[in-house]
Amino acid sequence: QKEVEQNSGPLSVPEGAIASLNCTYSDRGSQSFFWYRQYSGKSPELIMSIYSNGDKEDGRFTAQLNKASQYVSLLIRDSQPSDSATYLCAVMTARGSYIPTFGRGTSLIVHP
Amino acid sequence: DAGVTQSPTHLIKTRGQHVTLRCSPISGHKSVSWYQQVLGQGPQFIFQYYEKEERGRGNFPDRFSARQFPNYSSELNVNALLLGDSALYLCATTGTSSSYEQYFGPGTRLTVT
């Protein structure tokens with residue numbers, strides 16, 4: 001079983017819709033969770049971090065964490081074509097590790 | 001403030017050669033991590049250094065080595081290059097010893113022929 005799993009997609013949504021990206025993880029002791037956006041040919045860019053159960057909002061982005069079910073999600077409201085990218089989920093365990101494990105990413109396509 | 005910088009941007013090497021990649025962290029950042037990313041996959045962890053000490057090593061062969069300098073910049077060295085080493089090599093830095101958020105540089109695209 002892979003440690004961090006994401007559907008590779010592509011996830012296709014119309015402009016203005018809500019895009020929902022999901023990530024599950026296997027280590028129940030994980031405490032820190034991150035979402036990165038990566039445009040084709042570019043490096044990952046940190047967009048959200050979340051450490052506690054519940055929702056965290058930042059502009060059009062909302063990260064949701066459910067540790068009991070071991071999943072973290074990212075919602076993008078009012079999706080724009082410029083949001084088209086691969087979204088990487090990264091998970092870090094609590095046991096003194098500062099090394100995140102990345103999922104393979106979900107490709108998002110926002111069409112006009 | 002300048003972000004994380006990496007050099008070179010692109011590199012083409014032949015099998016069996018050696019390569020050195022360089023990373024300069026964000027000012028004030030003392031931790032540097034190296035990742036390898038192949039097409040269609042997430043970044044795979046190679047090394048992490050904090051205050052010039054190795055804090056973690058991923059599942060990569062001994063052909064891969066790294067070090068961190070007193071100014072917190074870092075080098076990744078790969079010996080005896082294989083075709084499978086072709087990838088985007090990413091450097092990420094973290095601000096404090098207890099910070100978890102990593103910020104990536106632009107990467108070095110290595111092609112091995």
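Chain letters run A, B, ... following the sequence lines, proteins first and then strands; every chain starts at 1.
At a 4.5 Å heavy-atom cutoff, A:Gln6 makes no contact with chain B through either its backbone or its side chain. In this structure, the portion of B:Gln37 lying under 4.5 Å from any heavy atom of chain A is its side chain and not its backbone.
To the nearest 0.5 Å, atom OG1 of residue B:Thr94 and atom CD1 of residue A:Ile99 are 10.0 Å apart. Once rounded to the nearest 0.5 Å, the distance linking NZ of A:Lys42 with CG of B:Leu88 reads 11.0 Å. Here the CD atom belonging to B:Gln102 is positioned 9.5 Å from the CG atom belonging to A:Leu46, to the nearest 0.5 angstrom. Here the CD-OG1 distance, from B:Gln41 to A:Thr86, works out to 11.5 Å after rounding to the nearest 0.5 Å.
Your options are A:Gly41, A:Gly105, A:Ser32, and the one with the most heavy-atom pairs under 4.5 Å with chain B is A:Ser32. Taking B:Pro43, B:Gly107, B:Ala92 one by one and counting their heavy-atom pairs under 4.5 Å with chain A, the maximum is reached by B:Pro43. In terms of non-hydrogen atom pairs under 4.5 Å with chain B, the most contact-rich of A:Ser49, A:Cys89, A:Ser107 is A:Ser49.
Under a hydrophobic clustering in which Ile, Leu, Val, Met, Phe, Trp and Tyr are joined whenever their side-chain heavy atoms come within less than 4.5 Å, directly or via other members, B:Phe64 and B:Phe45 fall into different clusters. A continuous path of ILVMFWY side-chain contacts below 4.5 Å connects A:Met92 to B:Leu90, so both sit in one hydrophobic cluster. A:Tyr25 and A:Leu21 end up in the same hydrophobic cluster when Ile, Leu, Val, Met, Phe, Trp and Tyr side chains are linked at under 4.5 Å. Using a 4.5 Å cut-off between side-chain heavy atoms of Ile, Leu, Val, Met, Phe, Trp and Tyr, with links allowed through other members, A:Leu75 and A:Phe33 fall into different hydrophobic clusters. Transitive grouping of hydrophobic side chains (ILVMFWY, heavy atoms separated by less than 4.5 Å) keeps B:Tyr49 and B:Val4 in distinct clusters.
When all heavy atoms of A:Leu88 and B:Gly42 are compared, the pair lying nearest together is CD2-CA, 4.1 Å.
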Q) So A:Phe34 and B:Glu101, side-chain contact (heavy atoms from CB on, under 4.5 Å) or not? Walk me through it. A) CA-CA 8 Å; A:Phe34 310 91; B:Glu101 296 182 349; 3.8 Å; yes

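For B:Ile12, the CD1 atom counts as loosely surrounded, since its 6.0 Å shell holds 12 or fewer non-hydrogen atoms of other residues, nucleotides or ligands. The neighbour count for B:Arg63 CZ, taken as heavy atoms of other residues, nucleotides or ligands under 6.0 Å away, is above 12. Atom CG of B:Asn71 has more than 12 heavy atoms from other residues, nucleotides or ligands within 6.0 Å. By the 6.0 Å contact criterion, CG on B:Leu39 is open, its count of non-hydrogen atoms from other residues, nucleotides or ligands being 12 or less.
Aromatic ring orientation, B:Tyr100 versus A:Tyr98: parallel (interplanar angle below 30°, classes split at 30° and 60°).
With A:Ser43 contributing its side chain and B:Gly105 its backbone, the two residues share a donor-acceptor pair below 3.5 Å.
Taking the six-membered ring for Trp and the full ring otherwise, the centers of A:Phe102 and B:Tyr35 sit less than 6.0 Å from each other.
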